[in-house]
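Indexing begins at 1, ligand by ligand and atom by atom, following the structure's order. Keep in mind that what you see is a predicted model, and the values were worked out from it rather than measured.
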Amino acid sequence: MFNDHLARGARGRVRAAFATAAAAGLAVAAALTFTNNAQAADTLGASAAESGRYFGAAVVPNHLGESGYVDTLNAEFNSIVAENVMKWDATEPNRGQFNFSGGDQLVAHAQANGMEVRGHTLVWHAQQPGWVQGLTGDDLRQAMLDHIAGVAGHYAGDISSWDVVNEAFEWDGSRRQSNLQQQLGDGWIEEAFWAADQADPNAKLCYNDYGTDAINAKSTAIYDMVADFLARGVPIDCVGFQSHLSTGADLSTYQANLQRFADLGVDVEITELDVGGSGSAQAEVYRTVTEACMAVDRCTGITVWGITDKYSWRSDETPLLFDGDYQKKEAYSAVLAALN
Ligand code: 9MR
């Protein structure tokens, strides 16, 4: 079992590396330019690709018809994650009836433009369709397993890494008292990972959460879970650090926290980065996070939670790298410099 896990994880990493290389013809050219002319690449994706990393954005299919949106996405990013359309409520609105239209559109766009796709998210206490919320016991367990098989199975081969389970811990390190936890007991998280492994043996399988931006009670509980999974051969390959931040965030242990997970033997990914604020204070937080990822070998990439401030879930905090007119902000320059 443990060997299977290692082989699978290794396959996933090789596959991701190929995808990155194949994806980034431009990046390869940029890297050569870098070597020959001592010039850094001048987009986020190409710059990240120089060190074998991705730089991604959360995307909403409905905005792809807007030229500023799609042009910025295609020019700057080499990875996509669905902000909402691969979640349970979107993909299985009625039991056993799947709707992949939004997710398929994103996968097609990514593949046509040489981008990787992260999967977000198979099991979460939020954005469950109504029919799931009333289920109990083994009925809920079966619904969860069928959902994972349906969605991860549909996208098998297309996804670089899946957020198999999202946000299952509280700040104090205890398990969140969701319907999943209450109905299924502690084992539900590893059951979800086993089901995802079966449905898509090549995707890397991640646990994803917020508030894990430091060595704290929550990140330590997740660390202990990952160590336990690895010791028992439960298939986990990566941990996602959402990193919804603000200026003034204490990032003094941010890199050390990533590193301790990497040292356990999993990849780490910055999965939902955004920083409330503006100007150089905002840029400095972005710089610190990007430099931390670059300093940790197993930090495989960064995803920002949107492209433009105007469509952000926290739009009033202007947390992203491009303003409402798709102009690059100071934070953009800080990230680009840190990647290079
Ligand atoms: O950005 C997403 C927003 O459009 C949705 O309304 C919201 C629904 O809960 O989810 C947001 O994305 C969340 C992500 O899926 C998980 N981590 C926190 C993100 C921000 O709330």
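Annotation: Glu167 places an N or O atom under 3.5 Å from an N or O atom of ligand 1; distance criterion only. The N/O atoms of Lys87, backbone and side chain alike, include one that comes under 3.5 Å of an N/O atom in ligand 1. For a threshold of 3.5 Å applied to N or O pairs, the pair formed by Trp124 and ligand 1 contains no separation below that value.
Checked options Leu122, Asp146, Thr121; the residue passing with Val151 is Leu122 (criterion: side chain to side chain contact (heavy atoms under 4.5 Å, CB included)).
Protein heavy atom in closest approach to atom 12 (O) of ligand 1: Trp305 NE1, 3.3 Å. Looking only at protein heavy atoms, the nearest one to atom 4 (O) of ligand 1 is Asn84 ND2, 3.0 Å. Looking at atom 9 (O) of ligand 1, its nearest protein heavy atom turns out to be Gln127 OE1, 3.2 Å.
Distances shorter than 4.0 angstrom occur between a heavy atom of His244 and an atom of ligand 1.
Geometrically, Arg176 does not engage Phe169 in a cation-pi contact, judged by NZ or CZ lying under 6.0 Å from the ring centre and within 45° of the ring axis. A cation-pi contact links Lys218 to Tyr210, judged by a cut-off of 6.0 Å to the six-membered ring centre and 45° from its axis.
In the candidate list Glu272, Arg314, Met86, Glu83, Glu272 is nearest to atom 17 (N) of ligand 1, counting heavy atoms.
Side-chain atoms of His120 and Asn84 form no donor-acceptor pair, as typed in the model, at a separation below 3.5 Å.
At least one donor-acceptor pair closer than 3.5 Å links the side chain of Thr253 to the backbone N or O of Ile215.
Note: Trp88 and Trp131 have perpendicular aromatic rings, judged against thresholds of 30 and 60 degrees for the angle between ring planes.
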